*Asks:* 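The following block contains the structure, expressed as structure tokens.
These numbers come from a predicted model, not from an experiment.
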There are 2 protein chains.
Amino acid sequence: MSKKVTTIKDIAERLSISIATVSRALRGSSDIKRETKLAVMEMAKEMDYHPNLLASSLSSKKSKILGVVVPTINRQFWSNSISGIENVAYDKGYKVMIFQSAESFQKEVEIVETLANSRVDGILLALSKETNTYNHIQSIMDRGIPVLLFERVCSEINSSKVITDDFNGSKEVVQHLIDRGKRKIAYLSGPISLGVCEDRLNGFKEAHKDNDLHFDQNLILEISDFTFEAAENALIKLWEMEDKPDALFCFADILAIGALEASRKLGISVPEDLAIAGFGNDDICRFVTPSLTTMSQPSFEMGQLAANLILEEINSEDDEHQPHHRTIKPILVIREST
Amino acid sequence: MSKKVTTIKDIAERLSISIATVSRALRGSSDIKRETKLAVMEMAKEMDYHPNLLASSLSSKKSKILGVVVPTINRQFWSNSISGIENVAYDKGYKVMIFQSAESFQKEVEIVETLANSRVDGILLALSKETNTYNHIQSIMDRGIPVLLFERVCSEINSSKVITDDFNGSKEVVQHLIDRGKRKIAYLSGPISLGVCEDRLNGFKEAHKDNDLHFDQNLILEISDFTFEAAENALIKLWEMEDKPDALFCFADILAIGALEASRKLGISVPEDLAIAGFGNDDICRFVTPSLTTMSQPSFEMGQLAANLILEEINSEDDEHQPHHRTIKPILVIREST
DNA sequence: TTGTAGGCGTTATCAT
DNA sequence: ATGATAACGCCTACAA
């Protein structure tokens, strides 16, 4: 009952020619007579032939597949950057397989290993927030698989990287808040162990320094759950302080939205009592009330750039490709919340 | 320079045993002496062995991989259902590869073909909105690959299916609007060619019938772009009518949000002048002003169910597995917009 | 331009 | 419990 799948061997037999010729004809190889090529194509169609990519990749050592690993696809920054990656990958004849680590180190390791063992041509990776050792990555790079880190990167790995200019982006947001007359600016950060978060914190500090403003460590809250609820709780905590902040900068839009929600519940008027700014520019920012000021990250373009870089590396001849580092500037989008 | 990758053959040689034994040991086969098994494992570690999944799948005809194809990952319904799929798949030792068709028929065909040619063990598919012929699906089913359609399904294919109860869900929303005293209810639909849209429209009509309300075809707008802007324009058009609607039901939350935005610009007060309801219950619904009434689709659970069904089919002995059809009831979430 | 034959890395079937 | 060896389906020198 299991239907007989036709292979190039079957085609060869029916046409009384060699397997090699069929293989070449199917792949549009150069030195092939027009007629035989056409004959093969026709027979392939007639016999409902479909190439076995496993066999093909195994033999050719190329899969024309890119692997992408992100913490989650359920946030616009990530899904948009994936679209950017696909946009250029498909153009150049590559397919992309998407995986989510769910912010789990364990899963990230498994996925990266599977990808490598499946012989994808390259891996685009954004680290999970739990990740702080990098053997799994070094290992596959040592095995000769091109890796590119984007957005969530680390200094320990010497690969190509595409990141946001977090330091200056953050600095600019804070400067904007200061320009609005705010002086006690709180910051909702993700885990400082993440490079992104560290850079944004440093930008935050730098802006304070530039303006001779006191940097108050008590106003820095580090939260590890990227959820609305976590942000709500954080704001509630901030508002219990005797010396309340007059502005809040959030590491990600999702947190800013949570904070906005909390301030509505607490009766805090935004931006008068508390100005709020986020980072990312998810669609939702335009639609909340008040609409949310945020740093717009060109996620789609980041994806495109990342894909271009790794494809360049994949198709480069020399074995010791020099890794590229690219930084993309985010753009401040000012809305009602500040 | 290209590093030598170690294979089971290398291990066999170093241990002076046969590759068959190594293969068995690595896979924890039963009849293997403890010592040899341990020796193999150790040597594998020492030589930094990694299995080649291509070779393994080629030979065993199993990949332990599920393919998932959705129109886009950039909407919560889809990303959540994928999480549901992964949730059960990973538990049962399967990995899942995610692909987006970007609502393009052409891309859907390519992806499905690639997936089949890569010998994934099963394919979970939500049709693109362009899709209205189904040979590509029938073809891979004929090749013996289990396929499950979810959310975006069609009657032409006899596979397992998991769908939302769109008819009753829609009916219930409309009934709710009627209960709120609304009488002229407009409907922003997606392409009626989509089964989902047709069912929801039918539910819409049914509710009218149940309440002896006149069904006005002029109040049905079919839009094909699932964007905020498309919805805004649609509402503007509706509002130019001499006989304006007093309620608006939208096929998807994203459209409802767009309509909300448009009504703000037009000075329409929601829900007094116009009640608005969506479908899906994306996070954003809670945070817009006024917050949005919507039909909550249990997307994560749908994904879980879908994965369970297809895995059951994959692991069923008999060749002629009977397809299952499951319908999941959405839940009305009433908020300020109605 | 085409054919031959070995190889890609595993699994699986017989033997032993 | 282990070993040979033939698949798996395709690619690619090397020959012809």
Side-chain angles (χ1 to χ4, degrees), chain A residues 2-41 43-44 47-65 114 116-121 143-144, chain B residues 2-41 43-44 47-65 114 116-121 143-144:
Chain A
S2 71
K3 0 278 173 186
K4 164 70 177 160
V5 175
T6 99
T7 70
I8 57 172
K9 188 178 167 194
D10 301 324
I11 299 181
E13 281 170 1
R14 280 282 288 276
L15 254 31
S16 304
I17 58 178
S18 79
I19 296 184
T21 306
V22 176
S23 173
R24 291 191 266 252
L26 251 19
R27 212 156 9 88
S29 170
S30 47
D31 29 37
I32 276 282
K33 215 195 301 176
R34 279 195 84 77
E35 318 157 36
T36 47
K37 182 168 173 177
L38 291 178
V40 169
M41 301 293 255
M43 183 58 74
M47 299 179 73
D48 192 34
Y49 167 77
H50 299 270
N52 184 321
L53 262 29
L54 295 176
S56 163
S57 302
L58 177 61
S59 178
S60 71
K61 296 178 171 305
K62 282 176 190 150
S63 63
K64 288 288 187 178
I65 290 184
T114 300
N117 295 347
S118 299
R119 300 293 185 270
V120 296
D121 290 344
R143 292 204 259 153
Chain B
S2 70
K3 0 280 173 185
K4 164 70 177 160
V5 175
T6 98
T7 70
I8 56 172
K9 188 178 166 194
D10 300 324
I11 299 181
E13 281 170 2
R14 281 280 289 275
L15 253 32
S16 304
I17 58 178
S18 78
I19 61 173
T21 306
V22 176
S23 174
R24 293 186 188 107
L26 252 18
R27 215 153 7 91
S29 171
S30 46
D31 29 37
I32 274 284
K33 216 194 301 176
R34 281 197 82 76
E35 318 157 35
T36 47
K37 182 169 174 177
L38 291 177
V40 169
M41 301 294 254
M43 182 57 76
M47 298 179 73
D48 192 35
Y49 166 79
H50 298 271
N52 183 322
L53 263 30
L54 295 177
S56 168
S57 300
L58 176 61
S59 180
S60 71
K61 296 176 171 308
K62 284 175 189 151
S63 63
K64 289 289 186 176
I65 290 183
T114 301
N117 295 346
S118 300
R119 299 292 184 272
V120 296
D121 289 344
R143 292 204 259 153

*Asks:* How is B:Leu53 classified with respect to the nucleic acid when contacts are heavy atoms under 4.0 Å: base, sugar-phosphate, or nothing?
*Replies:*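 No contact.
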*Asks:* What is the separation between atom CD1 on A:Ile11 and atom P on D:dG9, rounded to the nearest whole Å?
*Replies:*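 Value for this atom pair: 13 Å.
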*Asks:* Ignoring the backbone of B:Ser23, work out which of D:dT2, C:dT11, D:dC11 is nearest its side chain.
*Replies:*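 Taking heavy atoms from C-beta onward, the closest nucleotide is C:dT11.
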*Asks:* Side chain of B:Arg24: nearest nucleotide among C:dG3, D:dC10, D:dG3?
*Replies:*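 It is D:dG3.
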*Asks:* Go through C:dG3, D:dC10, C:dT11 for me and flag the one nearest to the A:Ala20 side chain.
*Replies:*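 That would be C:dG3.
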*Asks:* Grab the NZ-P distance between A:Lys61 and C:dT10 for me, whole Å please.
*Replies:*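 Going from A:Lys61 (NZ) to C:dT10 (P), I get 10 Å.
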*Asks:* Between atom CD of A:Glu13 and atom OG1 of A:Thr6, what is the distance when rounded to the nearest 0.5 Å?
*Replies:*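 It comes to 11.0 Å.
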*Asks:* Map B:Lys37 and A:Tyr49 onto DNA chain D by nearest heavy atom, then report which one ends up closer to the 5' terminus.
*Replies:*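 It is B:Lys37, whose closest nucleotide lies nearer the 5' terminus.
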*Asks:* Contact class for B:Leu54 (heavy atom, under 4.0 Å): base, sugar-phosphate, or nothing?
*Replies:*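 The answer is nothing, as B:Leu54 stays clear of every strand by at least 4.0 Å.
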*Asks:* Whether the side chain of A:Ser59 engages the backbone of A:Ala55 through a donor-acceptor N/O pair (distance < 3.5 Å, no angle test) should be reported.
*Replies:*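 Flag not set: sc A:Ser59 to bb A:Ala55 has no pair under 3.5 Å.
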*Asks:* So if I take every side-chain heavy atom of A:Ser56 and compare against D:dA1, C:dT10, D:dC11, which nucleotide ends up nearest?
*Replies:*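 Nearest to the side-chain atoms of A:Ser56, counting from C-beta on, is D:dC11.
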*Asks:* Distance criterion of 3.5 Å, no angle test: do you see the side chain of B:Ser59 paired donor-to-acceptor with the base of C:dT10?
*Replies:*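 By the distance-only test, yes, there is a pair.
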*Asks:* Among C:dT2, D:dT2, D:dG3, which nucleotide has an atom closest to any side-chain atom of A:Lys33?
*Replies:*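 So the nucleotide nearest the side chain must be C:dT2.
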